[in-house]
Colleague: 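This is the structure I have questions about; it appears just below.
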Amino acid sequence: MRFSTLKSIYQCKCPRCHQGDMFLRGKLLSPTKFSVMNKTCSHCKQSFEPEPGYYFGAMFVSYAINTALFITAWLTLTILKPDYSLSLLLSLLGLAAIVFLPFIYRISRSIWISIFIQYQGDEFPSSS
């Protein structure tokens, strides 16, 4: 995997050309619009929803990211406050899940589409 691919995943750019945005810009912190995706890439016209239900697999990517987040929060809490209560742990995990939801949602979809659509640079046909 190329560095540019990792960068395009993190920035939620088109996996085919690494230019167009997958999601609406400036809406990451909007509770109602963080999940709105562009239909196609503005640069290469790659469809961001190749078929209905395409992002079902992104749930598993999201699950893995959330598991890593929960383990990190749990270990951090254990180091900072070894005698924590279960309610404190559950509150921390719930807060972390809510705060990181928009970011994890976008990243999991970006990872999922990048698995199946390879980078082609400027070597793609003009229409898809």
Side-chain angles (χ1 to χ4, degrees):
M1 185 173 278
R2 304 164 46 128
F3 175 72
S4 64
T5 300
L6 293 176
K7 184 177 177 186
S8 77
I9 288 171
Y10 174 76
Q11 293 178 341
C12 297
K13 297 288 187 180
C14 173
R16 187 176 183 201
C17 68
H18 295 182
Q19 299 291 320
D21 293 319
M22 288 179 59
F23 294 90
L24 297 179
R25 298 197 107 197
K27 302 295 183 188
L28 181 63
L29 300 179
S30 172
T32 58
K33 296 193 177 154
F34 74 87
S35 64
V36 177
M37 290 184 72
N38 293 318
K39 299 279 184 213
T40 60
C41 174
S42 60
H43 187 258
C44 72
K45 305 302 181 216
Q46 169 66 45
S47 173
F48 290 139
E49 186 146 356
E51 60 188 53
Y54 179 78
Y55 289 104
F56 179 76
M59 289 189 317
F60 299 103
V61 175
S62 175
Y63 178 78
I65 294 170
N66 275 305
T67 300
L69 174 68
F70 288 1
I71 290 171
T72 302
W74 171 62
L75 289 174
T76 302
L77 183 61
T78 301
I79 291 169
L80 297 177
K81 186 173 173 30
D83 58 340
Y84 62 86
S85 66
L86 180 59
S87 61
L88 177 62
L89 175 63
L90 293 177
S91 298
L92 177 66
L93 294 179
L95 180 65
I98 290 169
V99 167
F100 289 105
L101 172 70
F103 178 74
I104 291 171
Y105 177 87
R106 287 182 172 204
I107 291 297
S108 63
R109 282 186 167 224
S110 184
I111 290 170
W112 189 252
I113 197 169
S114 293
I115 291 171
F116 298 102
I117 298 175
Q118 301 301 315
Y119 175 68
Q120 294 180 11
D122 289 327
E123 299 174 11
F124 48 83
S126 59
S127 63
S128 359

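Side chains are part of it too, since the values below use all heavy atoms of this structure and drop only hydrogens, waters and symmetry mates.
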Colleague: Quick check for you: to the nearest 0.5 Å, what is the distance between Gln11 atom CD and Gln19 atom CD?
Modeller: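 If I round to the nearest 0.5 Å, the distance is 10.5 Å.
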
Colleague: Between Ala73 and Leu93, which heavy-atom pair has the shortest distance, and what is it?
Modeller: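 Taking every non-hydrogen atom into account, CB-CD2, 3.8 Å.
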
Colleague: Do Ser8 and Cys14 have side-chain heavy atoms sitting under 4.5 Å apart?
Modeller: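 The answer is no; the side chains never approach within 4.5 Å.
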
Colleague: What distance separates Lys45 NZ from Arg16 CZ, expressed to the nearest 0.5 Å?
Modeller: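 Reported to 0.5 Å precision, the distance equals 11.5 Å.
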
Colleague: With rounding to the nearest 0.5 angstrom, report the CZ to CZ distance, Phe100 to Phe70.
Modeller: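 Here the rounded value is 11.0 Å.
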
Colleague: What pair of heavy atoms forms the shortest contact from Cys17 to His43, and how long is it?
Modeller: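 So the minimum-distance heavy-atom pair works out to SG-ND1, 3.6 Å.
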
Colleague: Spell out, yes or no, whether Phe103 and Ile98 are grouped together once hydrophobic residues are joined by side-chain heavy atoms under 4.5 Å, including indirect joins.
Modeller: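 No, Phe103 and Ile98 fall in different hydrophobic clusters.
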
Colleague: Using the rule that two of Ile, Leu, Val, Met, Phe, Trp, Tyr join whenever any of their side-chain heavy atoms come within less than 4.5 Å, decide whether Ile113 and Tyr10 are in one cluster.
Modeller: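 Yes.
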
Colleague: Looking only at non-hydrogen atoms, find the nearest pair between Glu49 and Tyr55 and report the distance.
Modeller: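 Nearest heavy atoms, Glu49 then Tyr55: CA-CE1, 4.5 Å.
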
Colleague: Does some side-chain heavy atom of Pro15 sit less than 4.5 Å from a side-chain heavy atom of Phe48?
Modeller: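 Yes, side chains in contact.
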
Colleague: Find the distance between CD1 (Ile71) and OG1 (Thr78) and round it off to the nearest 0.5 Å.
Modeller: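 The OG1 atom of Thr78 is 11.5 Å from CD1 of Ile71, to the nearest 0.5 Å.
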
Colleague: With the 4.5 Å side-chain cut-off for hydrophobic clustering, are Ile111 and Phe116 part of the same group?
Modeller: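 Yes: a chain of side-chain contacts under 4.5 Å links Ile111 to Phe116.
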
Colleague: According to the side chain to side chain donor-acceptor pair (under 3.5 Å) rule, which pairs have a member within residues 79-90, sequence neighbours left out?
Modeller: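 Side chain to side chain donor-acceptor pair (under 3.5 Å) check on residues 79-90 returns Trp74-Tyr84, Ser85-Ser87.
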
Colleague: Keeping the roles fixed (side chain from Trp112, backbone from Tyr54), state whether a donor-acceptor pair exists under 3.5 Å.
Modeller: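 Checking the backbone N and O of Tyr54 against the side chain of Trp112, a donor-acceptor pair under 3.5 Å is found.
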
Colleague: Please report, to 0.1 Å, the donor-acceptor pairs under 3.5 Å made by any side chain of residues 24-42, with sequence neighbours excluded.
Modeller:
{"from": "Arg25", "atom 1": "NE", "to": "Asp21", "atom 2": "OD2", "distance (Å)": "2.8"}
{"from": "Ser30", "atom 1": "OG", "to": "Lys33", "atom 2": "N", "distance (Å)": "3.4"}
{"from": "Asn38", "atom 1": "ND2", "to": "Asp21", "atom 2": "O", "distance (Å)": "2.8"}

Colleague: Suppose the criterion is side chain to side chain donor-acceptor pair (under 3.5 Å): which pairs have a residue in residues 97-110, not counting sequence neighbours?
Modeller: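 Pairs touching residues 97-110 that pass the test: Tyr105-Arg109.
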
Colleague: When clusters are formed by joining ILVMFWY residues with side-chain heavy atoms under 4.5 Å apart, either directly or through shared neighbours, do Leu80 and Leu69 land in the same one?
Modeller: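 Leu80 and Leu69: separate clusters.
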
Colleague: What distance do Ile107 atom CD1 and Ile9 atom CD1 have between them, rounded to the nearest 0.5 Å?
Modeller: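 Going from the CD1 atom of Ile107 to the CD1 atom of Ile9 covers 8.0 Å.
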
Colleague: Hey, is the main chain of Ile115 close enough, under 3.5 Å, to the side chain of Gln118 for a donor-acceptor pair?
Modeller: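 Flag set: sc Gln118 to bb Ile115 pair under 3.5 Å.
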
Colleague: Restricting to non-hydrogen atoms, name the atom on Pro82 and the atom on Ile79 that form the minimum distance, rounded to 0.1 Å.
Modeller: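 Scanning both residues completely, I find the closest heavy atoms to be CD-O, 4.1 Å.
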
